[in-house]
Every structure is written in C-alpha cells, then in structure tokens.
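Okay, so here's the structure we're looking at.
Order of appearance sets the numbers: ligands from 1, and atoms from 1 within every ligand.
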Amino acid sequence: MLEKIEDRLIVALDFDSAEKAVELVEKLDGVVSFFKVGMELQLAEGMHPVNYLISKGKKVFLDLKYFDVPQTVERAVRRAASLGVSFLTIHGNRKNVEAAVRGRGSANLKLLAVTVLTSLDAYDIQDLGFNCSVEELVIHRARKAAEEGCDGVIASGQEAKKIREVVGEKFLIVTPGIRPEGFPKQDQARAVTPREAALAGADYLVVGRYITTSPNPREAAELILEEMRQGFKTAQRA
Ligand code: C5P
C-alpha cells in the first residue's frame, strides 16, 4: 500500500555536523518525517544522527551504497538492520544482493540497489567501460535487482517510467536528482522536477540541496510536496 504523500519525501541530510542536521530536522518538524543519512554525516558523527532520528520517530534511509565481498556486505547489512533504519542502498550484482538479503534477515529494512547514479551521463557510462546507453544499463540493473530479491532501486526520474513497466507496481523506485523548475542542476546530469518524478512512477523522492540550502527549508519542502501531490494525483498513484 502506498504511503501518504508527506511520507514519500526524503530529505538528504548532507551536512558535516549533527548540529546542522538536527537544526534542519527541527525546522521541518511536522512537514518531513523521512531523512537520508549519507557518507559525510556518518563520517562526521558516526551513528549518532541515525539513533537521534529514530528516537524522534523519524524514518531513516542509510545511503552508504554497500559494495564489497559477500561476507563484508552481509555483516555490514546486519549491523544496519539492527539499528532500525528503513532503507539501505547497496550495489546490485547478484552476490552482493544475496549477501545483503542474508544480512537483513527478518528485519523490516528495504534493500535498494543503485542503478546508475543520477549524476552520470552517457560519457561516464562509456568511461566506466559499459558499451550501452544509460537507459539500457538502468533497465538491466533494475530487472536484475528485482529478480535477485531487492525491494527496490534508486533511479532517476528519467528512467522511472520504463523501470515501472519492467518491474511492476510493488517494486520501489526511489528517485534523487530532483530539481524544481529554475533550480540549478549542479552535479545532477539526469534531473527531473518533483512533478515529473511522481508522474513517471517514482514512489519516494530524495531531495537535498533544494531544501538544505534554502533560506526557508520548510517552505521549500512544502513546495516539493505540492508538486508531488499534483504528479501523484495525475498519475493516479496518490
Ligand atoms: O542535493 P541533491 O538533491 O542533488 O541530493 C541528492 C542526494 O541523493 C545526495 O545525497 C546524493 O548522495 C543522493 N543520491 C543521488 N543519486 C543516486 C543516489 C543517491 O543523487 N543515484
């Protein structure tokens, strides 16, 4: 069952200190309840931000993109699962996914495979040694992630529609690279607006800088939510 639209916006706490992260979480109280903790904040503060968010009743997306030998991945995922986080990113080759599924055990943790980073374009794909288009690689990875036991994928809104056709309704599509009209793309090569992402079939949207650097983060989050509402409603996925 789809969650309420307010619960489908995930704000990326890309900060170098817990103090800044907590300040934003407090400013967004009552508007946003799902937060992403990535490499920077984890390296700065260890697991304190994750424990803080959970103690405040917020949901946590731990975005560390695990990719290692199976035993290391299995053990790392087991640790993450024991913390009570809701989403965790991994890479999607078969052995990596199988190890993550073992590590997750019976925990209520959704394993999301990274398809192709939203910052990568055709040139980057060639540079990495793949002889196909971005879209072909995304679809291939999404299909495999679904077959191998992942709960969903991280994918750009540009490919969400095609992924949805391949993986069906229950598989989660979590979409970063969100840019409302007029906001600079920065390092995001395959950005879409919140409305476009919702229309294309994304389940959750991940937003960082549009909200974290806004002089009024609460207003910025409300604007994203309003666009999401329009998109999900039009797509009849509200
Ligand atoms: O600031 P911005 O909205 O571009 O932030 C997007 C967030 O989503 C960042 O925290 C980034 O690490 C994350 N992300 C991404 N593309 C992926 C996976 C995660 O942009 N494929």
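A salt bridge is defined here as a Lys NZ or Arg NE, NH1 or NH2 lying under 4.0 Å from an Asp or Glu carboxylate O, and D29 with K56 fails to meet this definition.
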Sequence neighbours excluded and cut-off under 3.5 Å, please list the side-chain donor-acceptor pairs for residues 136-147, or say none.
{"unit_1": "E136", "atom_1": "OE1", "unit_2": "S133", "atom_2": "N", "d": "3.0"}
{"unit_1": "R141", "atom_1": "NH1", "unit_2": "T115", "atom_2": "O", "d": "2.7"}
{"unit_1": "K144", "atom_1": "NZ", "unit_2": "E148", "atom_2": "OE2", "d": "2.7"}

Side-chain donor-acceptor distances from residues 36-48 under 3.5 Å, at least two apart:
{"unit_1": "K36", "atom_1": "NZ", "unit_2": "D63", "atom_2": "OD2", "d": "2.7"}
{"unit_1": "E45", "atom_1": "OE2", "unit_2": "A18", "atom_2": "N", "d": "2.9"}

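For ligand 1, the protein residues placed under 4.0 Å by at least one non-hydrogen atom are A12, D14, K36, D63, K65, L117, T118, I154, P176, R179, Q188, V206, V207, G208, R209.
Using the six-membered ring where Trp is involved, F61 and F87 have ring planes that are perpendicular, over 60° apart on the 30 and 60° scheme.
Scanning for side chain to side chain contact (heavy atoms under 4.5 Å, CB included) contacts around P194 gives I178, P180, L205, I224, E227, M228, with sequence neighbours left out.
Judged by the 6.0 Å distance and 45° axis criteria, R8 is positioned over the aromatic ring of F232.
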